[in-house]
Amino acid sequence: MTKLEQIEKSVAELSPEELKAFAAWFEALQADLWDKQIEADARAGRLDKLAEQALADHRAGRTRPL
């Protein structure tokens, strides 16, 4: 049995309360990993072109208030 299969089996055996706690933990983990990826992309300049385009669109009046 692979590690993933073991995890799947364990998750399937959780009680409803445990599953709710696991889901909350996993959602927080995914959010943290996403934040770290965005930060790394920003530091590496991979978002610069998108930011420049957004600013150009705003300056050109192609945006609206939220």
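- L4 belongs to no hydrophobic cluster with other residues, because no ILVMFWY side-chain heavy atom falls under 4.5 Å from its own, directly or through intermediates.
- Side-chain contact of E18 with S15: a donor-acceptor pair under 3.5 Å is present, judged by distance alone.
- In this structure, W25 shares a hydrophobic cluster with I7, V11, L14, L19, F22, F26, L29, L33, the cluster being traced through Ile, Leu, Val, Met, Phe, Trp and Tyr side chains under 4.5 angstrom apart.
- By the side-chain contact (heavy atoms from CB on, under 4.5 Å) test, K36 pairs with D32, sequence neighbours left out.
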Atom pairs and distances, side-chain donor-acceptor, residues 43-51, under 3.5 Å, sequence neighbours left out:
from, atom 1, to, atom 2, distance (Å)
R46, NE, D41, OD1, 2.9
R46, NH2, D41, OD1, 2.9

Please report, to 0.1 Å, the donor-acceptor pairs under 3.5 Å made by any side chain of residues 56-66, with sequence neighbours excluded.
from, atom 1, to, atom 2, distance (Å)
D57, OD1, Q53, NE2, 2.9
D57, OD1, R62, NE, 3.1
D57, OD1, R62, NH2, 2.7
H58, ND1, T63, OG1, 2.7

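- Remark: K9 engages E13 in a salt bridge, criterion side-chain N to carboxylate O under 4.0 Å.
- With sequence neighbours excluded, no residue satisfies side-chain contact (heavy atoms from CB on, under 4.5 Å) with E27.
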